[in-house]
Amino acid sequence: MTTKSEEVEIEVRKERDINTVLKEAIVEQLSAGQPIPVDWNAGGDETICNVQIGEAYDYKKDGVNIGWELGDLIAQVLELPNAGEYFNNGKGHIKVDQKGQVVLHYSARAYYYDYEESDWVDGEPAENVSSTEWIPVDDPFHLNQYLHRVNINFSVWMHVEGRNTITYDSYGGLIHTQVREGDEMSVPIPKEAEAFYGEMIRKRLQKFEKDFEFSEEVAKSKSLHSIDVSGRLEEGGVRLELQKSYVVIDFIADNESVILIK
């Protein structure tokens, strides 16, 4: 039976042995003229760290998966997040310095999301709140006649992807009906109504597109990232509530270096 100190010594020796294998594999690849690129996307319940050894991400030496072990080591050294609403994206490459140390040269951005919610009082939007929108419109599909027994709601998500590409997503359909009470029958919504109101809401939201400035290349302290849109049909038009989310940059690392293995 091993003592606690012996168990610690075994773990230290095991770590030292793995690091020795890692360093040998890295030196072999670099000596052969093979770069070792690294990239990671961490946060939001997972950490994905890719380390490419030669042409493979699953290269093994002496039974050790080099890419996996290096990915875990990078996540540990950089303290990459793996849960919650905090994120860290980065990329770089691995080198060996003049002292024989394994070094990661990298650039990264750490950020989180901030939310702006509208102010509603007793189910009604407060006065002069910029995050509510009223769109006056006729009732071409005669849906107002059903408002006494059902709520006719709208839901869409407006967000930016990549290089400021604006997209619009609806959750299983733009229009949703909700029976007010009892066993009233629901209301069938024509497909033409989905298309009509969808286009109307999209045109209304276009005024926000100039505010979407966050992309993989843009480094700003705070940038609009998405707008969650929920709304309802009322007499004379559509009432929208907008919940804006912002990307808040925590820090930016540009051409930094960190020692992975001494």
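Just so we're clear, the structure is a prediction, and the values are computed from it rather than from any experiment. Just so you know, these numbers use all the heavy atoms, side chains as well, and skip hydrogens, waters and symmetry mates.
- In the model, His159 has a side-chain atom that pairs as donor or acceptor with a side-chain atom of Asp169 under 3.5 Å.
- The side-chain heavy atoms of Ile74 and Val38, taken from C-beta on, include a pair separated by under 4.5 Å.
- With rounding to the nearest 0.5 Å, the separation of CG in Leu143 from CG in Leu233 is 6.0 Å.
- For the atom pair CZ (Phe87) and CG (Asp250), the distance works out to 13.0 Å, reported to the nearest 0.5 Å.
- For Tyr246 and His225, the ring centers sit 6.0 Å or farther from each other.
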Enumerate, atom names and distances included, each donor-acceptor pair closer than 3.5 Å involving a side-chain atom of residues 91-99, sequence neighbours excluded.
| residue | atom | partner | partner atom | Å |
| --- | --- | --- | --- | --- |
| Asp97 | OD1 | Lys99 | N | 3.0 |
| Asp97 | OD1 | Gly100 | N | 3.1 |
| Asp97 | OD1 | Gln101 | N | 2.8 |
| Asp97 | OD2 | Gln101 | NE2 | 2.8 |

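- Remark: Glu46 pairs with no residue by the side-chain hydrogen bond (donor to acceptor under 3.5 Å, both in side chains) rule, at least two apart or across chains.
- Not counting sequence neighbours, the partners of Tyr106 by the ring pair (Phe, Tyr, Trp, His ring centres under 6.0 Å) test are Trp40.
- Atom CZ of Arg149 and atom CD of Gln178 lie 14.0 Å apart (nearest 0.5 Å).
- By the 4.5 Å heavy-atom criterion applied to side chains, Tyr113 and Val248 are not counted as neighbours.
- Counting heavy-atom neighbours within 6.0 Å of Glu79 CD, excluding the residue itself, gives a total of 12 or less.
- Among all heavy-atom pairs drawn from Ile259 and Val77, the shortest one is O-CG1, 4.1 Å.
- Met158 CE to Ile201 CD1: the interatomic distance, rounded to the nearest 0.5 Å, is 12.0 Å.
- Atom NZ of Lys23 has more than 12 heavy atoms from other residues, nucleotides or ligands within 6.0 Å.
- At a threshold of 4.5 Å between side-chain heavy atoms, the hydrophobic network of Ile, Leu, Val, Met, Phe, Trp and Tyr places Ile48 and Leu80 in two separate groups.
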* Please report the C-alpha distance between Gln243 and Ile227 in whole Å, then the side-chain angles of each, then the deciding distance to 0.1 Å, and finally whether the side-chain contact (heavy atoms from CB on, under 4.5 Å) criterion is met. => CA-CA 5 Å; Gln243 183 188 57; Ile227 300 179; over 6 Å; no
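- Between Leu22 and Val64, the shortest heavy-atom contact is CD2-CG1, 4.4 Å.
- Listed by chain and residue number, nothing satisfies the ring pair (Phe, Tyr, Trp, His ring centres under 6.0 Å) test with Tyr112 (two or more places apart in sequence, or in another chain).
- Neither side chain, Tyr111 nor Asn88, offers a donor N or O lying under 3.5 Å from an acceptor on the other.
- In this structure, Ser230 and Trp157 have side chains that are not in contact, with every pair of non-hydrogen atoms separated by 4.5 Å or more.
- Residue Ile135 holds its CD1 atom at 8.5 Å from CZ of Phe154, rounded to the nearest 0.5 Å.
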* Audit row: Val21, Ile66, side-chain contact (heavy atoms from CB on, under 4.5 Å) steps and yes/no -> CA-CA 8 Å; Val21 175; Ile66 304 301; 4.1 Å; yes
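- In this structure a side-chain-to-backbone donor-acceptor pair under 3.5 Å is present from Asp139 to Asn144.
- Residues Tyr168 and Leu205 form a side-chain contact, since some pair of their non-hydrogen atoms from C-beta on lies under 4.5 Å apart.
- Residues Val103 and Leu260 fail the side-chain proximity criterion, which asks for heavy atoms closer than 4.5 Å.
- Judged purely by distance below 3.5 Å, without hydrogens or angles, the side chains of Ser155 and His176 never pair a donor atom with an acceptor atom.
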* Would you check, one step at a time, whether the test side-chain contact (heavy atoms from CB on, under 4.5 Å) holds for Glu133 with Lys207? => CA-CA 12 Å; Glu133 292 280 320; Lys207 69 178 185 178; 3.0 Å; yes
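- Taking the side chain as every heavy atom from C-beta outward, Asn153 and Thr177 never approach each other to under 4.5 Å.
- In this structure, CG in Asp114 is found 9.0 Å from OG in Ser245, a value given to the nearest 0.5 Å.
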* To do: For side-chain contact (heavy atoms from CB on, under 4.5 Å), just list the numbers for Ile18 and Leu73, CA-CA rounded to whole Å, side-chain angles, deciding distance to a tenth of an Å, and then say yes or no.
  => CA-CA 11 Å; Ile18 290 178; Leu73 181 59; over 6 Å; no
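- Applying the ring pair (Phe, Tyr, Trp, His ring centres under 6.0 Å) criterion to Phe196, with sequence neighbours excluded, gives Phe141.
- When all heavy atoms of Gly43 and Thr47 are compared, the pair lying nearest together is N-OG1, 4.3 Å.
- Taking every heavy atom of both residues into account, Ser107 and Asn255 meet most closely at OG-N, 3.0 Å.
- Annotation: side chain of Glu241 is not in contact with side chain of Val229 (no heavy-atom distance under 4.5 Å).
- One finds a salt bridge joining Glu234 and Arg232 here, because a Lys/Arg side-chain nitrogen approaches an Asp/Glu carboxylate oxygen to under 4.0 Å.
- Considering all non-hydrogen atoms of both residues, Tyr86 and Ala110 come closest at OH-CB, 3.3 Å.
- In terms of hydrophobic clustering, with Ile, Leu, Val, Met, Phe, Trp and Tyr side chains grouped at heavy-atom distances under 4.5 Å, Leu240 and Phe208 are assigned to a common cluster.
- Glu194 has no carboxylate O lying under 4.0 Å from a charged side-chain N of Lys191, or vice versa, which leaves the two without a salt bridge.
- When all heavy atoms of Tyr59 and Ile53 are compared, the closest pair comes out as CD2-CG2, 3.3 Å.
- In this structure, Arg109 and Phe251 have side chains that are not in contact, with every pair of non-hydrogen atoms separated by 4.5 Å or more.
- Side-chain atoms of Arg204 come within 3.5 Å of backbone atoms of Trp134 as a donor-acceptor pair (strictly under, hydrogens ignored).
- Residues passing the side-chain hydrogen bond (donor to acceptor under 3.5 Å, both in side chains) test with Lys61, sequence neighbours excluded: Glu28.
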